[in-house]
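These notes are about the structure you will find just below.
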Amino acid sequence: MEQSQYEIDLGNLLAFDPHYQFPSPSSSREELVKEALEHGTKLVQAVADSLFNLPSTEDRDGPIVKLPAPTTRLPREKPLPKPRPPTKWELFAEKKGIQKRKKDKLVFDEQTDTWKRRHGYDRVNDDKDIPIIEAKMTDEPGKDPFAERRKEKKSRVDKQEKNRLHNLKQAAKVGALPSHVQLAATALPITGTQAMPRKVGKDELQNVAGMASIATASGGKFDKKLPGEKPPKHEKKYRKFLPAAEGSGMGALEKQQTEKVLNKLISKNSHGVLNVEKGNSFLLVPVDFLSFFFILFPACGSKVNSVLHSFWIGFVWFLGCEHVQCEEGKETTKQRREVINPKQVEVEQEIFQENIKRRVFKEREVNSMMHNVIFFVK
Amino acid sequence: MRPLDEKETTLVFDKLYKILGNNLQKVVMENPSHEGPDQNPGHYCFRLQKNRVYYVSESLVKRATNIKREKLVSMGTQIGKFTKSDKFHLTIQGLNLLAANAKHKVWLKPTSEMSFLYGNSVLKGGLGRITENIQVNDGVVVFSMADVPLGFGVAAKSTQDCRKMDP
């Protein structure tokens, strides 16, 4: 009974309630939205209900129904095309009362005694089928009657083409060009539909000027230059390479280039800090902990400093030989195990960092750390 | 023969870095050469010849300049080539260089050596040893158990995954 209240068009999956009226025009926007949503839900439910009532076939993804043809007629998106204005012949035929007649496609050809097409290839009265043209008394000597026939035919075709273009032009004026012509309209010599000639840009002008300036016997060498005229640009790219061998092998420039690329690559791939202030050109410090280390250097006493320095070098080594870490693992001394277990190392590092923070440098501790590292690097 | 320009150098180094890691610096800048009669043998450098990239000692480069480009077939160690679409591919001739400095290594059991050499991927069953900290898509050098370098490739699984995985 609820469904009968709505008009349902299953073809467009559309439901419409013709009896519904809003109680009050619009109290507030929120209420209006709520109302619309509520009622919309009902309508969608109605569509869903009637969908499930349709005869369905079972599929792997669920039931499948075939929608009936839509009953609501939707409006057209684009306006109707305008009617084409009558051509000149149509006007003339109307004036004279000439009716269009259907003509047969095939016509009997008396020259060859066969039925042939009226137009097109192998048509009736074709030039090719005429082997002999009888001479008339009016014929001028030296004129080829076959060539004349061909010329006549061509002039007729040209005239028809001219008429066709004229008719199209009239249609274009009203804006009723047939759609199949519209796309190619700019290629046709129909005035009014042709695209406007492009404005010549600065670059194009320069190009032409450049070409003109070297289009002399001397390639433009002895021409007077106009005030403000620039020399013509190079057309080609001149690639310059570094010398293959320079001095004792690699040139300074090449070395520089290699270094630049290498540094860029390494700094891109390390998540650490590039230590620039210290002026250590080769030191790329990949771990935060180490940069922290460096900053604190001057603050320490000289004794600790030297110890730390050796530790530092050891650590750089350690970074270089990371992969050694897992290939070894037989020795069982306590120190050894400490280093081999990466977690342990981390813990040690943390303790060390803590100490740095507190500026407590027990020499013993540092020494043992150093042992570990050197042990490992050995 | 000519040096690589900046774009080419970046391509070559990018590819090498995948396998060598920070050892690349050592290979490029610090590897001393022992070739030639010179007093100061110098280092190695990269040279491009007929789209192939060679790792050549400086003294050899100097001598190779005597030979004209069309006639020069090869010099030093070829490490890779530029494809026609200007990508850089490593070639197997550079394996010794890569193996000596590789960051990530994989050792194969003798049974799966041949399979790898015929171009198949390495399965977990064929894995003898593996270095720590290999991430997915890292470049690795493959060795036999007797430490003979066999080839190189790209890790499909990280070291951690290799441990965890079913055989």
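Annotation: maximal heavy-atom pairing with chain A below 4.5 Å, among B:H43, B:M1, B:E6, B:M29, occurs at B:E6.
With sequence neighbours excluded, no residue forms a side chain to side chain donor-acceptor pair (under 3.5 Å) with A:T57.
Proximity of B:F46 to B:V56: side-chain heavy atoms (C-beta onward) are nowhere separated by under 4.5 Å. Between B:V28 and B:L16, every side-chain heavy-atom pair lies at or beyond the 4.5 Å cut-off.
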Donor-acceptor pairs are to be reported for all side-chain atoms of residues 141-153 of chain B against protein atoms at under 3.5 Å, with residues two or more places apart or in another chain.
from, atom 1, to, atom 2, distance (Å)
B:S144, OG, B:A146, N, 3.4
B:S144, OG, B:V148, N, 3.3
B:D147, OD1, B:W107, NE1, 2.5

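Heavy atoms closer than 4.5 Å to chain B are found nowhere in A:K240, neither backbone nor side chain. If you measure heavy-atom distances from B:T10 to chain A, the contacts under 4.5 Å come from both the backbone and the side chain.
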